[in-house]
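To start, the structure under review is shown below, and the notes come after it.
Since we're looking at a predicted model, the values are computed, not measured. Note: hydrogens, waters and symmetry copies are ignored here, and every other heavy atom, side chains too, is used. Numbers here are sequence positions counted from 1.
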Amino acid sequence: MTDDHLAEAGRTPARDGSSARHGQVPATGDRTARRTATVAPPEPAAVRESAGEGASEAGGAPVAVGDRPTAAALPGSPWQRRLLIAGLVLAALNLRPAITSLGALLEEVRDGLGMSGTVAGMLTSMPALCFAVFGLTAPRLARRWGQEAVVCAGLVAIGLGVLIRPFAGGTVGFLLASALALAGIAVSNILLPVIVKRRFPDRVGPMTGVYTMALALGTSIAAASTVPLTDALGGDWRTGLVLWTVVAALAVLPWFVIVRSSRAARPATPADPAGADGSTLTGGSAGSPGPAGPGGPGGSGEPAREAGNVPAGRGQSAAPGQPAARGRSSGDGDADAGPQATPGRRITRSPTAWALAVFFGLQATGAYITMGWMPQMFRDAGVSASTAGVLLAVTMALGVPLSFVLPRLAARLPHQGGLVVALGACGLVGYAGLWSAPAGGAWAWAVLLGLSNCAFPLALTMIGMRARSSSGVVRLSAFAQSTGYLISIPGPLLVGALYQHTDGWDLPIALMGGLLVLQIGAGVLAGRDRIVENEL
């Protein structure tokens with residue numbers, strides 16, 4: 001999808017009846033005046049969706065302030081809404097166990113398949129690659145089949161991949177089955193936050209919180225319980241990995257009913273560029289790790305934020321409860337100077353966009369190295385396999401509270417470089433501890449690395465603050481996330497190769513520390529009070 005298409009997807013009508021220019025607000029510094037400005041009458045839902053209003057960016061990227069969704073939820077009885085909530089929770093629980101359960105049993109998998117350290121590094125790089133590649137297909141698939149149907153198919157892919165890979169008969173089969181599961185995670189990462197915004201337009205904040213915590217819970221439970229469950233069921237690593245098929249199968253059941261009821265309730269509407277389901281998205285997925293994202297971890301595969309909770313970009317009206325953007329007058333918020341006025345100028349001309357892409361990519365690198373290799377580091381230091389899994393769970397669980405705190409704190413700062421440095425310093429201390437006394441201070445290092453991995457919500461927040469218009473946010477987020485995930489692919493692979501050839505963790509940890517220093521530098525540049533439209 002071209003930048004012009006992205007710009008068109010994010011374009012919204014002017015909201016202030018006194019101005020024809022997009023995003024213009026009354027020339028006043030009073031936030032109350034901004035919130036009470038005259039608003040044009042709402043347009044039909046199909047028009048709003050095709051314009052991108054209320055649509056969340058792929059993978060949970062921020063939405064420009066002023067685009068609070070107003071479309072009504074699809075019709076449904078109370079039991080259907082409760083079923084949808086249950087489906088969202090079960091789906092979110094499935095977005096990371098395929099990754100973190102493997103990290104806990106990576107040593108057994110390598111021994112069982114005769115896998116080299118380099119190939120194991122390739123395996124830990126696969127989430128980033130699959131999120132970058134398969135995530136791009138989610139909008140097109142949603143336009144063709146509907147969001148709910150694609151999520152249901154994604155959960156089926158997760159279940160089949162997790163079921164097949166332990167018994168695929170070799171390393172190649174294991175990698176292909178893992179790719180199938182990760183493809184399902186990638187499309188679900190993209191579409192679940194969009195469904196939240198479309199089906200619960202007046203409860204985006206609470207529902208996003210439920211979705212986020214379910215994702216983090218699934219990440220932590222898989223990391224902490226895979227080894228004990230494997231031991232309790234006979235000690236075969238194949239059994240430990242295939243167990244998570246049950247969770248995926250449970251999630252498919254409500255989504256099958258949701259798909260049928262959605263198709264029965266959806267009114268016939270004229271086709272529009274966004275599709276009837278409002279899928280005006282593109283770009284990489286958010287974690288996860290998880291993302292996600294929540295990942296997340298992501299990474300998560302982290303969820304779309306409510307428009308009112310995203311910091312205002314320059315020249316935009318501040319959302320309720322958020323401070324106005326600093327160092328910028330309302331006259332600077334001329335959307336005509338943004339991407340819509342310069343459609344031929346690509347986002348790649350912006351130094352700030354590149355800084356954000358590098359920062360996003362390097363923080364994703366650290367997250368996937370942590371999920372894939374940290375349990376092995378502790379186990380090589382003499383920590384038991386079950387304790388190593390719990391340590392990884394602690395690292396991942398820290399992202400839950402901080403994902404709510406960091407965006408609000410970042411919105412109050414004119415420069416987010418201080419937060420970047422603070423999180424990076426935690427990671428450097430954690431890596432130093434892993435190098436010098438991995439077993440002696442294992443819990444402290446796990447906590448510090450968990451704090452460092454919270455650079456993910458900070459990166460998403462800065463994306464929302466570095467563009468003036470909603471179309472600018474769409475373009476910037478698509479570029480930063482897709483480019484960032486591509487940047488993150490080699491890191492876990494290099495760590496695995498160094499681990500194999502040096503038979504130790506000194507050089508891999510040195511590499512991780514060096515990448516973190518580069519991450520801090522890129523984050524400081526990305527955190528400056530800049531607007532990408534001014535750089536095009």
Minimal non-hydrogen separation, [X] against [Y], with atom names:
{"X": "P438", "Y": "W445", "value": "O-CD1, 3.7 Å"}
{"X": "A497", "Y": "H501", "value": "O-ND1, 2.8 Å"}
{"X": "T370", "Y": "M396", "value": "CG2-CE, 4.0 Å"}
{"X": "W237", "Y": "G112", "value": "NE1-CA, 4.0 Å"}
{"X": "W255", "Y": "G87", "value": "NE1-O, 2.8 Å"}
{"X": "G184", "Y": "S188", "value": "O-OG, 2.9 Å"}

- [ ] Run the salt-bridge test on R379 and E108 with the 4.0 Å N-O cut-off and return the result as yes or no.
- [x] yes
Task: Stepwise side-chain contact (heavy atoms from CB on, under 4.5 Å) test for L449 and L434 - done: CA-CA 10 Å; L449 291 175; L434 282 177; 3.7 Å; yes
Open item on the list: Are W373 and Y368 an aromatic pair, judged by ring center distance below 6.0 Å?
Closed with: no
Flag, side chain of [X] to backbone of [Y], donor-acceptor distance under 3.5 Å:
{"X": "R466", "Y": "A526", "value": "yes"}
{"X": "R528", "Y": "L525", "value": "yes"}
{"X": "R165", "Y": "S178", "value": "no"}
{"X": "T226", "Y": "G240", "value": "no"}
{"X": "Q416", "Y": "A410", "value": "yes"}
{"X": "T245", "Y": "V242", "value": "yes"}
{"X": "S125", "Y": "L493", "value": "yes"}

Open item on the list: Between L182 and I99, does the side-chain contact (heavy atoms from CB on, under 4.5 Å) criterion hold? Intermediate values first, please.
Closed with: CA-CA 8 Å; L182 291 169; I99 303 172; 3.9 Å; yes
Close side-chain approach of [X] and [Y], heavy atoms under 4.5 Å:
{"X": "I258", "Y": "V151", "result": "no"}
{"X": "L398", "Y": "T395", "result": "no"}
{"X": "N94", "Y": "I185", "result": "no"}
{"X": "T483", "Y": "T348", "result": "no"}

Open item on the list: Run L362 and I520 through side-chain contact (heavy atoms from CB on, under 4.5 Å) and show every step you take.
Closed with: CA-CA 9 Å; L362 291 175; I520 293 172; over 6 Å; no
Task: Other residues, nucleotides, ligands: >12 heavy atoms within 6.0 Å of D111 CG - done: yes
Task: Polar contact flag, side-chain donor to acceptor under 3.5 angstrom, Q363-Q519 - done: no
Task: side-chain contact (heavy atoms from CB on, under 4.5 Å) between V394 and W443, worked out - done: CA-CA 8 Å; V394 169; W443 294 99; 3.9 Å; yes
